[in-house]
Amino acid sequence: MAATETINEVIEVERAGDIALIRIDNPPVNAAGLKVREGLVAAIDALEADMEVKAIGLYAAGRTFVAGADIREFGKPPVEPWLPDVVNRIEGCAKPVVVALHGTALGGGFEVALAAHYRVGAPGLRVGLPEVNLGIIPGAGGTQRAPRLAGMRMALDMITSGRHVPAQEALEAGLIDEIREGEPREIALAAARDALAGRIETRRTGQIAAERDEAALDEYRERMAKQAPLLFSPHKCVDAVEGATMPIAEGMAHERALFRECQDSPQRAGLVHAFFAERAVAKFPEKDAEPRDLQKIGVIGGGTMGSGIATACLLAGYAVTLVEVSPDALERGLATVTKNLDGAVKRGKLDAAGREATLARLDSATQIEALGEADLVIEAVFEDMGVKKEIFAKLDATLAPGAIMATNTSYLDVNEIAAATSRPEAVLGLHFFSPAHVMKLVEIVVADRTAPEAVATGFALAKKLKKIGVRSGVCDGFIGNRIMQHYRKAADYMLLDGAHFEQVDRALEDFGFAMGPFRVSDLAGLDIGWTYRKRHADTRPEEERYVRIADRICEEGMFGRKTGRGFYLYGEGESGPNPAAEAIVESERAAAGVTPRSFSDEEVVARYMTAMITEAARVVEEGIAQRPIDVDAVLLFGYGFPRFRGGPLHYADQLGLAEVIRRIETYAQEDAHYWQVPGLLRRLAAEGKSFAELNP
Ligand code: T1G
């Protein structure tokens, strides 16, 4: 008769004759926190001592096997038993231990599995050692046991990429022993019976000898040097795997030492912060409201933005109607969508049949009235308040009650747009980033009267599009562009004062940004910033130092990449600085009476980051962003901020807020208008607090 015994809150043991089953039940993802570790050791100890038990099956409840160590415990003093000891206890068990894996067996979860004596995967299983994404290496034997089972090359591939390996591939590589249909409990029970009956062969991974693969080690060292020169842990992954030829105990000691180095690295803290940022943004005040069920989406505007949004919606399975004013413009918009889909086919994201099926869901019109059945409409025409108001008034007259109206404006006042309708509660901003079918971020802009259901629908849409939605209040530029406008000026000031734009770009790229600010401007089109600055010329404070360099480059018809010339030259072969832009810089310095001085790379980064932190703090202070972590998410997922640095406000915490204030006050001696300490920053510093404490 089966009897169940509770070991602790998360571990249960069930006896079925001479088989015992250990069940892990620690929702949502069965992370191997302290209770799981304690419970596993206690269960193995008890079952090993129990004369009636001949074989042990291990499995997990819920949607997945163990998804890793508990990331929330990182950075806190580790409490015994540590996972490496737990894993060794399982491998050392005198009785056969088989494990049934379902969902994802990741990190510490897969390390537990590697230590069991036989591994059965349910169909759909994915295994992986994704620690590198968190700035660490597998720390519970993964770097030692994976190569023993699958060879160094496969282990290096998995561990340096962190990728999830599908069941079939894991089987072929020897990482699991078998794939079986069934529920995890049934699989564990049947496999334990098989082990007992000698129908399957169990073995201890730690006793297998790994062969040194010199070629693979060299290749991955080289690859990591090229792919991840700024990162710490990918290189340690290779060093760790190299130790797998040693006896398991020595190999694990080698792994442990490298793991500790990674744990102490600020990159680990930054990457873990980014992991939580990606998830924290989904906790917004309106999250309990019922999102509207979306079937049909209208997109107004067939330019780069509108076509990209339409592509993203089509790829997520929606029926999309694209609206443009003229047949010609519509034709161009549809051609862009088709080109985007062809790109998806080329990247292997879509097959030919999928492309046809996707295009079949695309409809088009030259009249807004064609959108009568749309559940949601996203307006993405050029930035003109008059035009937008006209469109929203028409939408108001066209759409069914309950339909949602979104604007993709980057800067304009969503309250004013909403006021052009009789139902402001149905209006919000959905600010996508270009190219919209690729970029991860969507700012969900909540206006004064936006209904919770509309907000929830915006988030649900972002999720369906596999994007990261971040809630923003209304202000000029919302979270991201507002902060960008500010730190972009810091780069312009340095340029005017003597730094070369190429140096500024390189210094920031060396810091980890995907692209320096001047290269970004060239890519986006210098005319975009120019238009913005012209629109704001009247409201610019008189005390503000104004840098005319980019305007003058535009006046020469040089708009960046799209015209072949901007700050840099584009064309055949290498692109270098544009001598015409350099000449403009010099003449503007002369006109402003500036004696150019030199900047160290450190100073470039310090000024740029301090400016970013300053405006980010204001955005939090004013409630435009709910929490510092939302700002971090915006910069990480929309502005190429280096993931390993966690975001500007996480970085501010790492610098120390007193240091940030010291810098602002130093710079303020030359430009007191631009460099001002935000009240929130001063308050936090005075109370000895950090931005992290504002992230509940
Ligand atoms: N620890 C703590 N919480 C975790 C967690 C973990 N390992 N994984 C997920 N969560 C939380 C997550 O924050 C969210 O919480 C909820 O679970 C659902 O997650 C010694 C040191 C498993 C593929 O890196 O990749 O093992 O927001 O929204 O989309 O070598 O979670 O609801 O409050 O992501 O279905 C290695 C990380 C750890 C795996 C599921 N493991 N997790 O995706 O749900 S390091 C990982 C994932 C380690 C050892 C080392 C995904 C998932 P909340 P979710 P999902």
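Counting from 1, the numbers follow the sequence of the chain as shown. We count ligands from 1, going down the list as the structure has it; atoms in each ligand are counted the same way.
Atoms of ligand 1 found under 4.0 Å from any heavy atom of Phe276, numbered from 1 in the order shown, are 13 (O). If you number the atoms of ligand 1 from 1 as listed, the ones under 4.0 Å from a heavy atom of Pro138 come out as 30 (O). Annotation for ligand 1: atoms under 4.0 Å from non-hydrogen atoms of Ala31 are 1 (N). Taking every heavy atom of Gly107 and a limit of under 4.0 angstrom, the matching atoms of ligand 1 come to 26 (O), 36 (C).
Proximity of Ile136 to Phe74: side-chain heavy atoms (C-beta onward) are separated by under 4.5 Å at one or more points. Between Lys467 and Met439 the shortest side-chain heavy-atom distance does not fall below 4.5 Å.
From the protein, the heavy atom lying nearest to atom 2 (C) of ligand 1 is Asp70 OD1, 3.2 Å. Closest to atom 5 (C) of ligand 1, if we only count protein heavy atoms, is Val29 CG2, 3.7 Å. Annotation: atom 17 (O) of ligand 1 to nearest protein heavy atom, Pro28 CG, 3.4 Å. Leu106 CD1, 3.9 Å is the protein heavy atom nearest to atom 25 (O) of ligand 1. The protein non-hydrogen atom at the shortest distance from atom 13 (O) of ligand 1 is Arg279 CD, 3.5 Å. The single protein non-hydrogen atom nearest to atom 22 (C) of ligand 1 is Ala67 CB, 3.4 Å, given as residue, atom name and distance. In terms of protein heavy atoms, atom 42 (N) of ligand 1 is closest to Phe275 CZ, 3.7 Å. Nearest protein neighbour of atom 29 (O) of ligand 1, counting heavy atoms only, is Arg63 NH1, 4.9 Å.
Contacts between Leu134 and ligand 1, counted as non-hydrogen atom pairs separated by less than 4.0 Å, involve the side chain only. Using a 4.0 Å cut-off between heavy atoms, Ala69 contacts ligand 1 through both its backbone and its side chain. Looking at Ile136 against ligand 1, only its side chain comes within 4.0 Å, counting heavy atoms.
Within the model, atoms CG of Leu636 and CG of Leu271 stand 9.5 Å from one another, a figure rounded to the nearest 0.5 Å. Taking OG of Ser472 as the reference point, atom CG of Asp630 lies at 9.5 Å (rounded to 0.5 Å).
A distance-only check finds a donor-acceptor pair linking the side chain of Asn695 to the backbone of Ile629 [under 3.5 Å]. The backbone N or O of Arg279 lies less than 3.5 Å from no partner atom in the side chain of Lys283, so there is not a single donor-acceptor pair. Arg180 contributes no side-chain N or O that, together with a main-chain N or O of Ala122, makes up a donor-acceptor pair within less than 3.5 Å.
For ligand 1, the polar-atom distance check against Gly108 finds a nitrogen or oxygen pair separated by under 3.5 Å. Annotation: Gly68 places no N or O atom under 3.5 Å from an N or O atom of ligand 1; distance criterion only. For Arg72, no nitrogen or oxygen atom sits less than 3.5 Å from a nitrogen or oxygen atom of ligand 1, counting backbone and side chain alike.
Distances from atom 37 (C) of ligand 1 to the protein include at least one heavy-atom value under 4.0 Å. Shown here, atom 15 (O) of ligand 1 is out of close reach of the protein: none of its heavy atoms lies under 4.0 Å off.
Arg221 has no carboxylate O lying under 4.0 Å from a charged side-chain N of Asp218, or vice versa, which leaves the two without a salt bridge. Remark: Glu80 does not engage Arg37 in a salt bridge, criterion side-chain N to carboxylate O under 4.0 Å.
Checking each of Ile179, Val120, Asp177 against Leu171 for a side-chain contact (heavy atoms from CB on, under 4.5 Å) leaves exactly one that passes, namely Ile179.
When the side chain to side chain donor-acceptor pair (under 3.5 Å) test is applied to Arg204, no partner is found at least two apart in sequence or on another chain.
Side-chain contact check for Gln626 and Arg471: no donor-acceptor pair (N or O, by modelled atom type) lies under 3.5 Å. There is no side-chain donor-acceptor pair under 3.5 Å between Glu250 and His254.
Between atom 45 (S) of ligand 1 and the options Phe259, Phe65, Phe74, the minimum heavy-atom separation is to Phe74. Which of Gln263, Glu111, Lys283 comes nearest to atom 20 (C) of ligand 1 through a heavy atom is settled by distance: it is Glu111.
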